[in-house]
Amino acid sequence: MPLPSVERLAAALAAAVGTEVELTRPNDPAHGDFATNAALKLAGREKRNPREVAAGIAEKVAAVPGVERVEIAGPGFVNLFMSTTWYAEAAAEIRAAGSDFGAGSATAAGTQQRIQVELVSANPTGPLTVGSARNGAYGDAVARLLRFAGHDVVEEYYFNDSGGQMDRFRQSVDARRRGEQPPEDGYVGAYVDDLAKLDGDPVERMLTAIELSLARFRVHIDSWQKQTVIEQEIPEALKAVDTFVEDGATWVRTTAHGDDKDRVVLRSNGEPTYFAADVAYMHHKLRDFDRAIYVLGADHHGYVARLKAIAAMIGGDADRAEVLIYQLVHLLRGGEKARMGKRSGNVVFLDDLLDEIGVDAARWYLVERGPDQTLEIDVDLATEKSRKNPVYYVQYVHARTCGLFREAGDGAEIGGEPPAELAPEEKELIKQLAEFPYVVAEAAARRGPQAVPTYAIQLADDFHRFYHECRVLGVPEQAWRLGLVQATQQVIARCLDLVGVDAPERM
RNA sequence: GCGCCCGUAGCUCAGUGGAUAGAGCGCCCGCCUCCGGAGCGGGAGGUCAGAGGUUCGAAUCCUCUCGGGCGCACCA
């Protein structure tokens, strides 16, 4: 939930203007604590002089509680300067909200849903690679954001436990056990050799290894879904979609819902295709959930249209299936670019990456960039275990706030009266904190978790500047400033949690 | 050929209609008798790929062009 103090300001402004207004935080402090372009919008619509409209708005806004001063600037911006009382109120509200500050945007809007996020879903034919790691880091961050917004979220992992790929994988390990070459298109690599030395089904062992890797990576899977179970629901699911027979095969008419070609579900020999399982799985998902989110690599983008088509047939609305596509991960090693692939030689496994740069840096790097951006990780640089990683800069804020409370002692009063005049750094910090609810609400709505690290770095900047300029302990403003430290600690801890990074008390 | 994604500082990238386009890394110059210097301040570095268009206003929206990535199975 956004701060009442900010909402009140927006509401008062809307009342003054007569319509919803945008409230922005200018980069330049000279442009006020908040600004609105309402006059520009209004003037355009009503064919009036923007500065005259702005003057009218400014006059009314000057009377709004908490507004200390109003200025008209540029082409017709109305710039607002807030009073110390307003800042104190905002700071108190943030602390009162505690760790829930910023939560519940979907609940407030009445749009909360039961959502399944299907993520990773790599077949158990090898250890998770860095590509799957991006899927996990991105998908899990989206899931955490949606949960924070108030949705009921289940994270599911779907895997193939039968079929050609599994057979080839088992045969590859068996061949190795007999000291023979793997079959054509078989699996090779050190991990195959290792599995050959162990007894039992290599698929089961791989699954266990994947579970351990994900747990280490702090991706919690609520539900593991087997393909063989879903396949049993194929006949029932096919009744729910529009099919026809041609050339001896059974097709789904996905073109009726925007796909560029119809898709075969039953081959002319009667065998179901892989897409038939997709249909059954969609049927399964939409029975239990309002919305099914798929997290897929860019090499699967061709699936989007057909998945949405069957969602339209089964669920009555294509939007009940949502496919999040993330671009591939490239690794830069020794200045050379290497494509990821389980069977190519130049492969980096998730566990190797975690050994090299740690869970915190890995999670951070993999969500810091937008999903549409091809990600490049320079392994040589990331391996350099040092404070060059921006994640440490943000974690340091948390450690520093903890240090201040340790130093202040248990009995210290937190959140006293503000001084008559606030330092610019104090104002910037409070405004930055007040923005958090909007950042997470938008990040959740847009499925763009990269906004969280970006925001966290800005907040870290503001806190470090505040810390540098405003002494906290042993000054008359101690209680007031400890209040700001506490508010920062809450928000930074939440940011780190949303991207799956630890918030350390000491570093 | 068709489709999806990308092109922003030397490098890796934020920024989905507002004021002087930002961060990290790298480079240059400052700041610890003072709560943690894993910090702070300052500087150099941009035709936001290009060309049109919409708009009071475009990195952002539309069209085209040029570059790069990824896909276009009765495979899984």
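Keep in mind that what you see is a predicted model, and the values were worked out from it rather than measured. Reminder, nothing fancy here: chain letters follow the sequence lines and each chain counts from 1.
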Report summary line: Note on RNA chain B: ranges paired as stems (three or more Watson-Crick/G-U pairs in a row, both atom distances under 3.5 Å) are B:1-7 with B:66-72, B:10-13 with B:22-25, B:27-31 with B:39-43, B:49-53 with B:61-65
Query raised in the report: Is there a side-chain polar atom (N or O) of R168(A) under 4.0 Å from OP1 or OP2 of A76(B)?
Result: no
Query - Atom pair distance, as rounded to whole Å: CD in E231(A) and P in A76(B) - result: 10 Å
Query raised in the report: Just by modelled atom types, is the Y158(A) backbone N or O under 3.5 Å from a matching donor or acceptor in the S121(A) side chain?
Result: yes
Requested in this report: Indicate whether the side chain of W480(A) and that of E426(A) have a donor and an acceptor atom separated by less than 3.5 Å.
Outcome: yes
Query raised in the report: For the side chain of N123(A), counting heavy atoms from C-beta on, which of A38(B), A23(B), A76(B) is nearest?
Result: A76(B)
Query raised in the report: When all nucleic acid strands are considered with a 4.0 Å heavy-atom cut-off, which category describes T454(A): base, sugar-phosphate, or nothing?
Result: sugar-phosphate
Report summary line: Of the listed A73(B), A19(B), G71(B), the closest approach to the D299(A) side chain comes from G71(B)
Query raised in the report: Which comes earlier along RNA chain B counting from the 5' end, the contact point of Q373(A) or that of I457(A), where each point is its nearest nucleotide?
Result: Q373(A)
**Report entry** Any donor-acceptor N/O pair under 3.5 Å between A19(B) base and N79(A) side chain
**Finding:** yes
Query - Selection: residues 442-453 of chain A, any non-hydrogen atom under 4.0 Å of RNA chain B - result: R446(A), Q450(A)
Report summary line: Of all heavy-atom pairs linking G126(A) and Y191(A), the shortest is CA-CE1, 3.4 Å
**Report entry** Spacing of D167(A) atom CG relative to A76(B) atom P, expressed in whole Å
**Finding:** 12 Å
**Report entry** Donor-acceptor contact below 3.5 Å, side chain N123(A) vs main chain T125(A)
**Finding:** no
Query raised in the report: Cation over ring, R400(A) on Y467(A), under 6.0 Å and within 45°?
Result: yes
Requested in this report: Can you tell me the distance, in whole Å, between the CD atom of E271(A) and the C1' atom of A76(B)?
Outcome: 14 Å
Query raised in the report: Any luck finding a side-chain donor-acceptor pair between Q489(A) and H398(A) under 3.5 Å?
Result: no
For residues 444-454 of chain A, please give each side-chain donor-acceptor pair under 3.5 Å, one per line with the distance, not counting sequence neighbours.
from	atom 1	to	atom 2	distance (Å)
R446(A)	NH1	E442(A)	OE2	2.6
R447(A)	NE	E322(A)	OE2	2.5
R447(A)	NH1	A444(A)	O	3.0
R447(A)	NH2	E322(A)	OE1	2.9
R447(A)	NH2	E322(A)	OE2	3.4
T454(A)	OG1	Q450(A)	O	2.9

Query raised in the report: Under 4.0 angstrom, heavy atoms only, what part of the nucleic acid is A298(A) near: base, sugar-phosphate, or nothing?
Result: sugar-phosphate
Please list, for nucleotides 20-22 of chain B, all pairs of protein and nucleotide N/O atoms separated by less than 3.5 Å.
from	atom 1	to	atom 2	distance (Å)
U20(B)	O4	D28(A)	OD2	3.4

Query raised in the report: Got a sec, which pairs hit side-chain hydrogen bond (donor to acceptor under 3.5 Å, both in side chains) with one end in residues 252-262 of chain A, sequence neighbours left out?
Result: D242(A)-R253(A), T254(A)-D259(A), T255(A)-D262(A), D259(A)-R263(A), D260(A)-R263(A)
Requested in this report: Classify the angle between the aromatic ring planes of Y281(A) and Y294(A) as parallel (below 30°), tilted (30 to 60°) or perpendicular (above 60°).
Outcome: perpendicular
**Report entry** Which nucleotide in G71(B), G18(B), G37(B) has an atom nearest any side-chain atom of K41(A)
**Finding:** G18(B)
Query raised in the report: Looking at C70(B), C40(B), C35(B), which one has an atom nearest to any side-chain atom of Y393(A)?
Result: C40(B)
Query raised in the report: Parallel, tilted or perpendicular: which describes the rings of W251(A) and F244(A), with under 30° parallel and over 60° perpendicular?
Result: parallel
Query raised in the report: Between H330(A) (NE2) and C70(B) (C1'), how many Å, whole number?
Result: 9 Å
Query - Atom-pair distance (CE on M166(A); P on C75(B)), nearest Å - result: 17 Å
Report task. Answer yes if the side chains of D461(A) and Y393(A) hold a donor-acceptor pair under 3.5 Å, and no otherwise. Result -> yes
Requested in this report: Would you please indicate if the ring centroids of Y303(A) and H300(A) are separated by under 6.0 Å?
Outcome: yes
Report task. Just compare G39(B), A19(B), A76(B) and give me whichever is closest to any side-chain atom of Q227(A). Result -> A76(B)
Report task. Would you indicate what A35(A) reaches in the nucleic acid, counting non-hydrogen atoms under 4.0 angstrom: base, sugar-phosphate, or nothing? Result -> base
Query - Contact under 4.0 Å: R465(A) side-chain N or O vs G41(B) OP1/OP2 - result: yes
Query - Polar pair under 3.5 Å, donor/acceptor by atom type, side chain Y303(A), base A76(B) - result: yes
Requested in this report: When you get a sec, tell me which of C74(B), G36(B), G71(B) is the closest nucleotide to the side chain of R406(A)?
Outcome: G36(B)
Query raised in the report: Counting distance only, does the side-chain N/O of R168(A) pair as donor-acceptor with the main-chain N or O of D185(A) below 3.5 Å?
Result: yes
Report task. Tell me what R263(A) touches on the nucleic acid: a base, only sugar-phosphate, or nothing, going by heavy atoms under 4.0 Å. Result -> nothing
Query raised in the report: For the side chain of Q327(A), counting heavy atoms from C-beta on, which of A38(B), C74(B), C5(B) is nearest?
Result: C5(B)
Query raised in the report: Does C56(B) fall in syn (glycosidic angle within 90° of 0) or anti?
Result: anti
**Report entry** 5' priority, RNA chain B, between H300(A) and T374(A) [closest heavy atom]
**Finding:** T374(A)
Query - Under 4.0 angstrom between R267(A) side-chain N/O and A76(B) OP1 or OP2 - result: yes
Query raised in the report: Given atom CG of D260(A) and atom P of G71(B), what is their separation to the nearest angstrom?
Result: 16 Å
Query raised in the report: What's the spacing between F81(A) CZ and R69(A) CZ if we round to 0.5 Å?
Result: 4.5 Å
Query raised in the report: What does C402(A) touch in the nucleic acid at a heavy-atom separation under 4.0 angstrom: a base, only the sugar-phosphate, or nothing?
Result: nothing
Query - Main-chain N/O of S162(A) paired to N160(A) side chain as donor or acceptor, under 3.5 Å - result: yes
Requested in this report: Let me know the distance between CG of D372(A) and C1' of U16(B), rounded to the nearest Å.
Outcome: 11 Å
Query raised in the report: To the nearest angstrom, how far is L23(A) atom CG from G18(B) atom P?
Result: 14 Å
**Report entry** Pi stacking test for F77(A) and A19(B): under 5.5 Å apart, planes under 30°
**Finding:** yes
**Report entry** Proximal nucleotide (of C74(B), G39(B), G18(B)) relative to the Y396(A) side chain
**Finding:** G39(B)
**Report entry** Donor on one side chain, acceptor on other, Q432(A) and E428(A), under 3.5 Å
**Finding:** no
Which pairs, protein N/O on one side and nucleotides 26-34 of chain B N/O on the other, fall under 3.5 Å?
from	atom 1	to	atom 2	distance (Å)
C34(B)	O2'	R471(A)	NH1	2.7

Query raised in the report: Side chain of D161(A), backbone of T228(A): donor and acceptor closer than 3.5 Å?
Result: yes
Requested in this report: Could you check whether G370(A) gets within reach of a base, just the sugar-phosphate, or nothing at all, counting any heavy atom under 4.0 Å?
Outcome: sugar-phosphate
